2 protein chains.
Amino acid sequence: MTPEERRRQLLGIGLRKFVDRPVQELSLDEVAAEAGVSRGLLFHYFPTKTAYHEAVVAAAGRRVLRTLRPDDGVTGEAAVRQIVERFVAQVDRRRGFYLAFVYGQIGLPAGAAGPRQDVAIGLRRNISGLVCTAMGYAAPLTPVVHAWVAYVEDLALQHTEPGTSWGAGTAPLVDHCVALLPVLVALGPPA
Amino acid sequence: MTPEERRRQLLGIGLRKFVDRPVQELSLDEVAAEAGVSRGLLFHYFPTKTAYHEAVVAAAGRRVLRTLRPDDGVTGEAAVRQIVERFVAQVDRRRGFYLAFVYGQIGLPAGAAGPRQDVAIGLRRNISGLVCTAMGYAAPLTPVVHAWVAYVEDLALQHTEPGTSWGAGTAPLVDHCVALLPVLVALGPPA
DNA sequence: CGGCTTATTGAGCAATGCTCAATAGTATGC
DNA sequence: GCATACTATTGAGCATTGCTCAATAAGCCG
């Protein structure tokens, strides 16, 4: 097995496991056993346990972002609608995964200058980047869009909360979010 | 030292420590050493390591919520303004603490029926409860208010992000958030 | 085949989560 | 004031686990 495959295999195992429990509780023993390799090998691919965890979470972030990217040629509000639809659908289908991703996180460094990357917030930044390019929004609007992503994220998570689901389908939710964005922009940036 | 004091002491140590690093990396050895007690004693007060971590994070949540509660007699939009002001101020003053609280979280259970409590989302629910009673909002509006809290939280965190601070003071930010709430309500719930 | 690189192992160390029987210290009932 | 019950506290000890390192196996190129 080539190193590239190994790496992907190990990350894949992490991705499968991290839905069930917080990443930090995923022992390298377990990963090694599942992969059928020795514990020592993991340290050949990842310098430390947390490095492995970060790699897993980063992979999860890339995976989420990939499914959100709107179809080629679609722009403007239609693109935003696609993004929101896919986002809500994904949260709906794999609530545990997304929940674990956002809140079952590797902690952030207190000083922001640390080497660690905040992948959950990084994902928000990426999504808001998607939206901004789709709508042609410029720099001073990005904070608002960023916070709007947090808003959509929270609504989607609430919507899929077991037992508390208000409304049947996802359509009103998507409508609400898409309609909100221009309203926010009209409200003007908080600066 | 009475058990009540002990408990508070141990939680206090956790509260101080969990700003610097993710809670999960706080070893019981360290806590025991700092408290000047044996490791075994910790298991007399908390059944397991994660139980201790959860207790610490829950205490942090109570602490945050306490500072947000508006003054007696203040209601309506004025109360909302107070809440937002204090929230932003708190995030501003102790960014690391709040960041660690929301995102450096103990992971959530995949199945929602698990015994664990989601304290970060629980805090959001509590804050939105504060806002709803202040404004007299009824049940169908709560999801929107909840998501609005997420919006405010994200903006506040962005605002204190080192280097990326747009705008000088917190006033425009507070204005923006307070103004947004009735707009959201007017937009109607997504159901 | 011989030699180089590297993926891989396995032993071993130290930290740490956790258990448990023993102890010390305190309050209570008489 | 004494004995009893209770519990806070300890310390030894076990198993897991993050991590290191020297040794080995396995490919690859000449």
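Computed from a predicted model, the values in this text were never measured in an experiment. Within every chain, numbering begins at 1; the chains are lettered A, B, ... in the order of the sequence lines, protein sequences first and strands thereafter.
For Arg6(B), the salt bridge (Lys or Arg N to Asp or Glu O under 4.0 Å) test picks out no residue, with sequence neighbours left out. Applying the ring pair (Phe, Tyr, Trp, His ring centres under 6.0 Å) test to Phe97(B) and every residue at least two apart in sequence or in another chain returns Phe18(B). Listed by chain and number, the residues in a salt bridge (Lys or Arg N to Asp or Glu O under 4.0 Å) with Asp92(B) amount to none (sequence neighbours excluded).
Contact annotation: Thr48(B) does not reach the phosphate of dG17(C) (side-chain N/O to OP1 or OP2, under 4.0 Å).
Side-chain atoms of Tyr151(A) and His176(A) include a donor-acceptor pair closer than 3.5 Å.
Under 4.0 Å is where a charged nitrogen must lie from a carboxylate oxygen, and between Arg125(A) and Glu161(B) at least one such pair does.
Checked against the 6.0 Å centroid criterion, the rings of Tyr52(A) and Phe43(A) do not qualify as a close aromatic pair.
Sorted by first and then second residue, the side chain to side chain donor-acceptor pair (under 3.5 Å) pairs involving residues 55-68 of chain B (not counting sequence neighbours) are Thr67(B)-Gln90(B).
A straight line from CZ of Phe46(B) to C1' of dC18(C) spans 16 Å, rounded to a whole angstrom. Atom CD in Glu25(B) sits about 12 Å away from atom C1' in dG18(D), given to the nearest Å. One can place CD of Glu5(A) at 14 Å from P of dG27(D), the figure rounded to the nearest angstrom. The CG atom of Asp29(B) sits 14 Å away from the C1' atom of dT17(D) (whole-angstrom rounding). Distance, Gln24(A) CD to dG18(D) P: 12 Å, rounded to whole Å. Atom NZ in Lys49(A) sits about 16 Å away from atom P in dA15(C), given to the nearest Å. Between His53(B) atom NE2 and dG17(C) atom C1' the separation is 10 Å, expressed in whole Å. With rounding to whole Å, Arg7(B) atom CZ is found 11 Å from dA8(D) atom P.
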Taking only nitrogen or oxygen atoms into account, show me every contact under 3.5 Å that the protein makes with nucleotides 11-14 of chain C, one pair per line with its distance.
none

Check nucleotides 4-7 of chain C against the protein and report each pair of N or O atoms closer than 3.5 Å, with its distance, or say if there are none.
| unit_1 | atom_1 | unit_2 | atom_2 | d |
| --- | --- | --- | --- | --- |
| dA7(C) | OP2 | His44(A) | NE2 | 2.5 |

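At distances below 3.5 Å, not a single donor-acceptor pair connects side-chain atoms of Gln82(B) with backbone N or O atoms of Val74(B).
For Ser38(B), taking side-chain heavy atoms from C-beta onward, the closest of the listed nucleotides dG18(D), dG11(D), dT9(C) is dG11(D).
Within 4.0 Å (heavy atoms only), Ser27(B) reaches sugar-phosphate atoms of the nucleic acid but no base atom.
In this structure, Tyr98(B) and Phe87(B) have perpendicular ring planes: the angle between them is above 60°, well past the 30° mark.
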